[in-house]
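The structure appears right after this line, and notes come after that.
When a residue number appears, it is its place in the shown sequence, counting from 1. Heavy atoms only: backbone and side chains are in, while hydrogens, waters and symmetry mates are out. Computed from a prediction, not measured in an experiment: that's the story for all the values here.
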Amino acid sequence: MDYRAEIMSLEERNPSGCQGALVPGIIAKGKGPKFIVFGLNPAEAKDDKEEFYGTEFYIFDPEKSETLSQRRWSKKIADILPVGAEIIQAEIVYWTSKDRRSLEKKIGKLDFGNPYFDLSRTINDDLLSRNSDAKCILLGFTHKDLFEKLFNLPELDTTITGQDGKNLVYKNTRSSKFFSVRHPSAFGMSNLDKDLIKKTLADSM
């Protein structure tokens with residue numbers, strides 16, 4: 001499946017009002033376990049957009065980007081995953097926005113029947129089929145409802161907490177493939193928290 005072509009085809013038929021979209025890509029080519037890491041959707045980061053000034057609608061490829069924003073983001077993701085992991089950056093929805101509210105103002109409610117959500121689901125189903133050995137990680141807990149909806153998951157209800165009592169990892173006792181972890185940009189995230197997340201994910205392999 002040509003993700004870029006599918007996104008551009010939909011955008012040309014039905015302009016979203018967003019500034020761009022992202023295609024999933026490998027951001028760490030380790031020899032260890034494989035992870036597909038999901039955010040809600042691509043942020044509209046100034047450092048990323050510097051590659052695309054003068055472009056009405058851009059496609060951002062994290063696999064090829066060398067922007068400061070992308071380098072910082074790749075490091076934050078790698079810091080909470082086992083050493084040597086292969087990491088694929090993905091999104092629940094591939095169109096850009098500042099946050100969920102602004103995204104839904106542009107493209108509508110994030111649910112089945114929304115063409116942007118449906119195409120994002122198709123892309124992610126294809127991504128999972130090509131990487132059947134990968135664990136799927138959602139960054140943050142705010143959009144856990146969409147993650148569960150996207151992959152038809154039972155509720156991620158088993159929690160692991162850090163020393164401060166804050167939740168670090170959600171998983172489901174019936175599945176060792178899907179996890180939601182505390183967002184790496186969360187205030188107060190310590191190195192001990194990151195190490196516990198790493199250990200939890202490594203032990204799940």
- Item | Backbone of N167 reached by a side-chain donor or acceptor of R182 within 3.5 Å | no
- Nearest atoms (heavy-atom pairs only) where K106 meets C18: CD-SG, 3.8 Å
- Trace of the side chain to side chain contact (heavy atoms under 4.5 Å, CB included) decision for V93 with L146: CA-CA 10 Å; V93 179; L146 289 177; 5.7 Å; no
- Message: Using modelled atom types and a 3.5 Å cut-off, is there a donor and acceptor pairing between side-chain atoms of K135 and backbone atoms of S204?
- Response: yes
- Message: To the closest 0.5 Å, what do you measure between CD1 (I87) and CD1 (I77)?
- Response: 6.5 Å
- Message: Taking atom NZ as the centre, does K194 end up with more than 12 heavy-atom neighbours from other residues, nucleotides or ligands that are less than 6.0 angstrom away?
- Response: yes
- Measure up the W73 and H183 rings against each other and bin them: parallel (under 30°), tilted (30 to 60°), perpendicular (over 60°). tilted
- Residue set satisfying salt bridge (charged side-chain N to carboxylate O under 4.0 Å, His left out) with D111, at least two apart, ordered chain then number -> K149
- So how far is it from I88 CD1 to R130 CZ, rounded to the nearest 0.5 Å? 10.5 Å
- Could you tell me the separation between the CG atom of N191 and the NZ atom of K198, rounded to the nearest 0.5 Å? 8.5 Å
- Task: Answer yes or no: is there a donor N or O on one side and an acceptor on the other, between the side chain of S180 and the main chain of G140, under 3.5 Å?
- Result: yes
- Message: Counting C-beta onward and ignoring hydrogens, is there a side-chain heavy-atom pair between L22 and D61 closer than 4.5 Å?
- Response: no
- Message: Between Y3 and D126, is the side chain to side chain contact (heavy atoms under 4.5 Å, CB included) condition met? List the steps.
- Response: CA-CA 9 Å; Y3 304 142; D126 184 76; 2.6 Å; yes
- Query: Do S190 and D193 meet the criterion of a side-chain donor-acceptor pair at a distance under 3.5 Å?
  - Reply: yes
- Flag the pair F151 / F38 as yes when their ring centroid distance falls below 6.0 Å, and as no otherwise. yes
- In this structure, OH of Y170 is separated from CD of E148 (nearest 0.5 Å) by 10.0 Å
- Query: Can you name the residues that form a side-chain contact (heavy atoms from CB on, under 4.5 Å) with T67, not counting sequence neighbours?
  - Reply: D48, E51, S65, S69, Q70
- Derivation of the side chain to side chain contact (heavy atoms under 4.5 Å, CB included) call for M1 and T122: CA-CA 10 Å; M1 181 180 186; T122 299; 3.7 Å; yes
- Query: Which distance, rounded to the nearest 0.5 Å, do you find between the CG of L150 and the CG of N124?
  - Reply: 5.5 Å
- According to a 4.5 Å side-chain heavy-atom criterion applied to Ile, Leu, Val, Met, Phe, Trp and Tyr, with indirect links allowed, do F112 and Y116 form part of one hydrophobic cluster? yes
- Non-hydrogen atoms of F147 and L138 that approach each other most closely: CB-CD2, 3.6 Å
- Task: Answer yes or no: is there a donor N or O on one side and an acceptor on the other, between the side chain of N131 and the main chain of A134, under 3.5 Å?
- Result: no
- Message: So which atom in F178 and which in L156 form the shortest heavy-atom distance, rounded to 0.1 Å?
- Response: O-CD2, 3.9 Å
- Query: Can you list the steps and then say if D195 with K199 is a salt bridge (Lys or Arg N to Asp or Glu O under 4.0 Å)?
  - Reply: CA-CA 6 Å; D195 288 343; K199 183 178 186 307; over 6 Å; no
- Please tell me if the side chains of E11 and S16 come closer than 4.5 Å, counting only heavy atoms from C-beta onward. yes
- Does the side chain of T96 come under 3.5 Å of the side chain of E44 through a donor N or O and an acceptor N or O? yes
- Would you kindly confirm whether F60 and M8 end up in one hydrophobic cluster when ILVMFWY residues are joined by side chain heavy atoms under 4.5 Å apart? yes
- Go through the steps to decide whether W95 and L10 satisfy the test side chain to side chain contact (heavy atoms under 4.5 Å, CB included), and finish with yes or no. CA-CA 11 Å; W95 276 257; L10 175 55; 3.7 Å; yes
- Answer yes or no: is there an ion pair linking K75 with D79, defined by an N-O contact shorter than 4.0 Å? yes
- Which heavy atom in L40 sits nearest to a heavy atom in E91, and how many Å separate them? C-OE1, 3.6 Å
- Roughly how far, to the nearest 0.5 Å, is CD of E6 from OG of S9? 6.0 Å
- Message: For the backbone of L110 and the side chain of E104, can you confirm whether one donor and one acceptor N or O come within less than 3.5 Å of each other?
- Response: yes
- Query: Looking at P62 and V23, what are the two nearest heavy atoms and their distance?
  - Reply: CD-O, 3.0 Å
- Item | For N41, the option from S97, S120, S102 that meets side chain to side chain donor-acceptor pair (under 3.5 Å) | S97
- Under the salt bridge (charged side-chain N to carboxylate O under 4.0 Å, His left out) test, residues paired with K34 that sit two or more places apart: D133
- Side chain of K166, backbone of M189: donor and acceptor closer than 3.5 Å? no
- Note on the structure: E63 and I26 have their tightest heavy-atom pair at OE1-N, 2.9 Å
